Enquirer: 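Encoded as structure tokens, here's the structure I'll be asking about.
Note that the structure is predicted; figures quoted are calculated from it, not measured.
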Amino acid sequence: MCGFTGELSFNNIDNTLLKKANNHSICRGPDNLTNHIENGNLNMSLWFNRLAIIDLSEKANQPMISEDSNSILMFNGEIYNSENLRTDLKKNGYKFRTSHSDTETLLAGLDIFGIDFINQLEGQFSFCYINKIIKKVYFARDRLGQKPLYIKINEKKITFCSNLKSILELDKDVSIDQESIEQYVAYGINFAPRTLFKTIQKINPATYLEIDYSDNKFIKKEKNYWEPDLYLNNKNFNYENFQQLFSESVKKRTISDVPIAAFLSGGIDSTSIVKKLQDLGHSTNSFSVVVDNKTYNEKEFIDKVVNTYKTKHYETNIDSEISDEIINMSIKALDEPYSDPSVVPSYYLSKLISKKYKVAISGDGGDELLG
């Protein structure tokens, strides 16, 4: 998880204000802060906060600029098939400057193949890609929208960020969208592209925006590049196929240059992941929260998993730990209202894991599929 804040404009940009707005995204990437400021026909102020997971070298920092300085990339996420893509890109003549950065893989692919390269990606991502030669900017999110990307755009200025609060810092002239309030009350969440604010949107999952700036104004086109129904209809899905896909999925998420941990609730999803990690030869670092209330306490199942798979286990009882302060902090960590009270223990557990690990695998939403 990384975070970025940026502004593209045909008018002057207040870089001091951009830096202040970017403070809301530092929590997403505390390892390195780098910025790129450029003045010309199109002014740019780009700020990137890195959480270093793949290729820890400085060469992999962002914003990443192509060797000829004609393209720029800010990318949050991970490309799981990066190594295979790098092999293909080398065959096309690309000479990599980093040893195994998936950021450079994405930049190279977009430079060589254009935005259609997005169809070759396996991973979770949001990115901003600027190509000065064709005078276009692309904003994109992964197939299921796992990585956030907020944007506010008019003909003369684009503001975008990983954290909604950054845009609110830059533009106080926003108003609440009443229809978004009604949607939240009905469903407990706002679906993309809606946010609570009229002029600020989330990029849709499986979607990219192509923005042309050749005529000194921003002209936007939107394209959906993937449909789940089409993908599923082409699959001969059975138990054996599922086991293979599940194993491959867990394996891809263990690609890391730093140690990894695992959430363990005792449920079907996290237990299945812990088992698969052991099958793949990993010594697992598991983390759990428990409570005193027997109706909700899953310690019995957690202990069975820990004992069966011999995990290095960390556990805390949140009844004695959760306070008004923790509850308020978990709410403030969100950019938008979210009605699921599980955000409180999830926040606490993530805070606990972050003291020792940068990467943690969770199985959120897997109970239905695995059941």
Enquirer: Please answer whether the main-chain N or O of E300 pairs with a side-chain N or O of D303 as donor and acceptor at a distance below 3.5 Å.
Expert: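 Such a contact is absent between D303 side chain and E300 backbone.
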Enquirer: For a quick check under 3.5 Å, do N22 and T5 share a side-chain donor-acceptor pair by atom type?
Expert: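 Result is yes, a qualifying pair exists.
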Enquirer: Side-chain contact, heavy-atom cut-off 4.5 Å: V174 with I167?
Expert: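 Counting from C-beta outward, V174 and I167 never come under 4.5 Å.
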Enquirer: Are L106 and I72 linked, directly or through intermediate hydrophobic residues, by side-chain heavy-atom contacts shorter than 4.5 Å (ILVMFWY only)?
Expert: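 Different clusters: I72 never reaches L106 through Ile, Leu, Val, Met, Phe, Trp or Tyr contacts under 4.5 Å.
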Enquirer: If Ile, Leu, Val, Met, Phe, Trp and Tyr residues are connected whenever their side-chain heavy atoms lie under 4.5 Å apart, and connections chain through other members, are V306 and I273 in the same group?
Expert: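 No.
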Enquirer: Is there a side-chain contact between V290 and D319 (heavy atoms, below 4.5 Å)?
Expert: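 Not in contact.
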Enquirer: Will you find, in the side chains of N190 and Q183, an N or O donor that is under 3.5 Å from an N or O acceptor?
Expert: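 N190 vs Q183: donor-acceptor pair found between side chains.
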Enquirer: Using modelled atom types only, decide if a donor and an acceptor are shared between the side chain of N163 and the backbone of H24 within a distance under 3.5 Å.
Expert: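 Yes: the side chain of N163 pairs with the backbone of H24.
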Enquirer: Looking only at the side chains, is there a donor atom on one of T98 and E104 sitting less than 3.5 Å from an acceptor on the other?
Expert: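 Yes, E104 and T98 have a side-chain donor paired with an acceptor closer than 3.5 Å.
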Enquirer: Name all pairs fulfilling the salt bridge (charged side-chain N to carboxylate O under 4.0 Å, His left out) condition that reach into residues 253-277, sequence neighbours left out, sorted by first residue then second.
Expert: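 Checked against salt bridge (charged side-chain N to carboxylate O under 4.0 Å, His left out) - neighbours excluded - the pairs reaching residues 253-277 are K275-D279, K276-D279.
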Enquirer: Is it the case that over 12 heavy atoms from other parts of the model lie below 6.0 angstrom from the CD atom of E83?
Expert: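 Yes, the 6.0 Å shell around CD holds more than 12 heavy atoms from other groups.
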Enquirer: Group every Ile, Leu, Val, Met, Phe, Trp and Tyr by side-chain heavy-atom contacts under 4.5 Å, then state whether V250 and V258 land in the same group.
Expert: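 Per the 4.5 Å side-chain linkage, V250 and V258 are co-clustered.
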Enquirer: Can you check salt bridge (charged side-chain N to carboxylate O under 4.0 Å, His left out) on K332 and E325, steps first, answer last?
Expert: CA-CA 10 Å; K332 289 179 180 179; E325 181 182 7; over 6 Å; no
Enquirer: Is there a side chain to side chain contact (heavy atoms under 4.5 Å, CB included) between I200 and T159? Walk through the geometry before answering.
Expert: CA-CA 9 Å; I200 304 173; T159 308; over 6 Å; no
Enquirer: Can you find a pair of side-chain heavy atoms, one from K251 and one from S247, that are under 4.5 Å apart?
Expert: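 Of all side-chain heavy-atom pairs linking S247 with K251, none is under 4.5 Å.
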Enquirer: Kindly give the heavy-atom pair with the smallest separation between Y213 and N131, and that separation in Å.
Expert: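 Closest pair (atom of Y213, atom of N131, distance): OH-O, 3.8 Å.
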Enquirer: Do S162 and S25 meet the criterion of a side-chain donor-acceptor pair at a distance under 3.5 Å?
Expert: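 Looking only at side-chain atoms, S25 and S162 do not form any donor-acceptor pair under 3.5 Å.
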Enquirer: Determine whether the side chains of T311 and T284 contain a donor N or O and an acceptor N or O closer than 3.5 Å.
Expert: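 Their side chains do not contain a donor-acceptor pair, so the 3.5 Å distance test is not met.
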Enquirer: Could you check whether atom CG of N12 has more than 12 heavy atoms from other residues, nucleotides or ligands sitting under 6.0 Å from it?
Expert: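 Incorrect, the count does not exceed 12.
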Enquirer: Heavy atoms only: give me the nearest K220-Q201 pair and the separation to one decimal.
Expert: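 Closest approach of K220 to Q201: NZ-OE1, 4.3 Å.
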Enquirer: Does the side chain to side chain donor-acceptor pair (under 3.5 Å) test come out yes or no for N204 and R141, once each step is laid out?
Expert: CA-CA 7 Å; N204 277 311; R141 286 181 79 192; over 6 Å; no
Enquirer: In terms of side-chain geometry, is the basic nitrogen of R194 or D177 positioned less than 4.0 Å from the acidic oxygen of its partner?
Expert: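 Looking at D177 together with R194, the answer is yes, because their closest N to O distance falls below 4.0 Å.
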Enquirer: Without swapping roles, check the side chain of N76 against the backbone of S126 for a donor-acceptor pair under 3.5 Å.
Expert: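 No.
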Enquirer: Would you say the side-chain atoms of S101 pair up with the backbone N or O of A60, donor to acceptor, closer than 3.5 Å?
Expert: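 No.
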Enquirer: If you round to the nearest 0.5 Å, how far is NZ of K299 from CG of D292?
Expert: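 Atom-to-atom, D292:CG and K299:NZ are 11.5 Å apart.
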Enquirer: Please answer whether the main-chain N or O of I268 pairs with a side-chain N or O of T271 as donor and acceptor at a distance below 3.5 Å.
Expert: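 Side chain of T271 to backbone of I268: no pair is present.
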Enquirer: Measuring from I133:CD1 to N70:CG, what's the distance to the nearest 0.5 Å?
Expert: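 Taking CD1 in I133 and CG in N70, the distance rounds to 4.0 Å.
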Enquirer: Are more than 12 heavy atoms, taken from residues, nucleotides or ligands other than K20, located less than 6.0 Å from that residue's NZ atom?
Expert: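 Not buried by this count: 12 neighbours or fewer within 6.0 Å.
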Enquirer: Check N41 against F10 and note the closest heavy-atom contact, atom names and distance.
Expert: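 Closest heavy-atom pair between N41 and F10: O-CD2, 3.3 Å.
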Enquirer: Less than 4.0 angstrom from a charged side-chain N to a carboxylate O is my criterion; do E336 and K202 meet it?
Expert: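 Counted as a salt bridge, because a side-chain N and a carboxylate O are separated by less than 4.0 Å.
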Enquirer: Would you find a donor on one side and an acceptor on the other, under 3.5 Å apart, between the side chain of S180 and the backbone of L196?
Expert: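 The answer is no, because no donor-acceptor pair under 3.5 Å joins these two groups.
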Enquirer: Any side-chain heavy-atom pair from F218 and I158 closer than 4.5 angstrom?
Expert: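 The answer is yes, as the side chains (C-beta and beyond) meet within the 4.5 Å cut-off.
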Enquirer: Can you confirm if the aromatic rings of F48 and F75 lie within a centre distance of less than 6.0 Å?
Expert: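 No, the ring of F75 stays outside the 6.0 Å limit from the ring of F48, centre to centre.
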Enquirer: Taking N43 for the side chain and I13 for the main chain, is one N or O donor matched with an acceptor at less than 3.5 Å?
Expert: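 Side chain of N43 to backbone of I13: no pair is present.
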Enquirer: Hey, is CG on D340 packed in by over 12 heavy atoms from elsewhere, all under 6.0 Å?
Expert: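 Buried by this count: over 12 neighbours within 6.0 Å.
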Enquirer: With a 4.5 Å cut-off on side-chain heavy atoms, are S71 and L107 touching?
Expert: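 Heavy-atom side-chain distance check passes, below 4.5 Å.
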Enquirer: Roughly how far, to the nearest 0.5 Å, is CZ of R97 from OG of S57?
Expert: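 Going from OG on S57 over to CZ on R97, the span is 11.0 Å.
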Enquirer: So, for Y94 and I112, which heavy atoms are closest and what is the spacing to 0.1 Å?
Expert: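 In this case the closest contact between Y94 and I112 is CB-CD1, 3.9 Å.
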Enquirer: Heavy atoms only: give me the nearest E78-D102 pair and the separation to one decimal.
Expert: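 Taking every non-hydrogen atom into account, CA-OD2, 3.4 Å.
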Enquirer: Mind running side chain to side chain donor-acceptor pair (under 3.5 Å) on S286 and H313 for me, showing each step along the way?
Expert: CA-CA 5 Å; S286 58; H313 189 60; 2.7 Å; yes
Enquirer: I'd like to know if the side chain of D142 and the backbone of G145 have a donor-acceptor N/O pair within less than 3.5 Å.
Expert: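 Side chain of D142 to backbone of G145, a donor-acceptor pair under 3.5 Å: yes, one is there.
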Enquirer: Identify whether V359 and L264 are in the same connected component of the hydrophobic contact network (ILVMFWY, side-chain heavy atoms under 4.5 Å).
Expert: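 No, V359 and L264 fall in different hydrophobic clusters.
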Enquirer: I'd like to know if the side chain of N224 and the backbone of T207 have a donor-acceptor N/O pair within less than 3.5 Å.
Expert: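 No.
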Enquirer: Judged by modelled atom types alone, do Q62 and T103 share a side-chain donor-acceptor pair under 3.5 Å?
Expert: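 There is such a pair between these side chains.
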Enquirer: Are T34 and N32 packed together at the side-chain level, in the sense that at least one heavy-atom pair is separated by less than 4.5 angstrom?
Expert: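 SC-SC contact between T34 and N32 confirmed.
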Enquirer: Should we say atom NZ of K165 is surrounded by more than 12 heavy atoms from elsewhere, each under 6.0 Å from it?
Expert: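 Correct, the count exceeds 12.
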Enquirer: Other residues, nucleotides and ligands only: do more than 12 of their heavy atoms fall within 6.0 Å of CZ on F113?
Expert: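 Enclosed: over 12 neighbouring heavy atoms sit under 6.0 Å from CZ of F113.
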Enquirer: Looking at D31 and K358, does any basic side-chain N land under 4.0 Å from a carboxylate oxygen?
Expert: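 Salt bridge: yes.
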Enquirer: Are N49 and R28 side-chain neighbours, meaning at least one heavy-atom pair lies under 4.5 Å?
Expert: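 No. Closest side-chain heavy atoms not under 4.5 Å.
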Enquirer: What is the minimum heavy-atom distance between I318 and Y348, and which atoms define it?
Expert: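 What the structure gives for the nearest pair is CG2-CD2, 3.7 Å.
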Enquirer: Where do D116 and Y225 land on the side chain to side chain donor-acceptor pair (under 3.5 Å) test, with the steps shown first?
Expert: CA-CA 9 Å; D116 286 343; Y225 64 85; over 6 Å; no
Enquirer: Within the side chain of N92, is there an N or O that forms a donor-acceptor pair under 3.5 Å with the backbone of D88?
Expert: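 It does hold such a pair.
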Enquirer: Nearest 0.5 angstrom please: I118 CD1 to R143 CZ, how far?
Expert: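 Between atom CD1 of I118 and atom CZ of R143 there are 9.5 Å.
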Enquirer: Using only heavy-atom distances, determine whether the side chains of Y357 and N285 contain a donor-acceptor pair under 3.5 Å.
Expert: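 A donor-acceptor contact under 3.5 Å links the two side chains.
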Enquirer: May I ask you to decide whether K136 forms a salt bridge with E210, counting only side-chain N to carboxylate O separations under 4.0 Å?
Expert: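 Yes, charged N to carboxylate O under 4.0 Å.
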Enquirer: Can you get from F263 to V289 by hopping between Ile, Leu, Val, Met, Phe, Trp and Tyr side chains that sit under 4.5 Å apart?
Expert: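 Linked, F263 and V289 end up in one cluster.
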Enquirer: Assign the ring pair Y138 / Y208 to parallel, tilted or perpendicular, where the plane angle (0 to 90°) is split at 30° and 60°.
Expert: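 Judged by the thresholds at 30° and 60°, the geometry between Y138 and Y208 is perpendicular.
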Enquirer: Under 4.5 Å between any side-chain heavy atoms of K19 and W47, yes or no?
Expert: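 Counting from C-beta outward, K19 and W47 do come under 4.5 Å.
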Enquirer: Step through it carefully: locate the ring centre of F139, locate the ring centre of F160, and say whether they are under 6.0 Å apart.
Expert: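 Between F139 and F160, the centre distance is under 6.0 Å.
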Enquirer: So how far is it from L18 CG to N35 CG, rounded to the nearest 0.5 Å?
Expert: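 Between atom CG of L18 and atom CG of N35 there are 9.5 Å.
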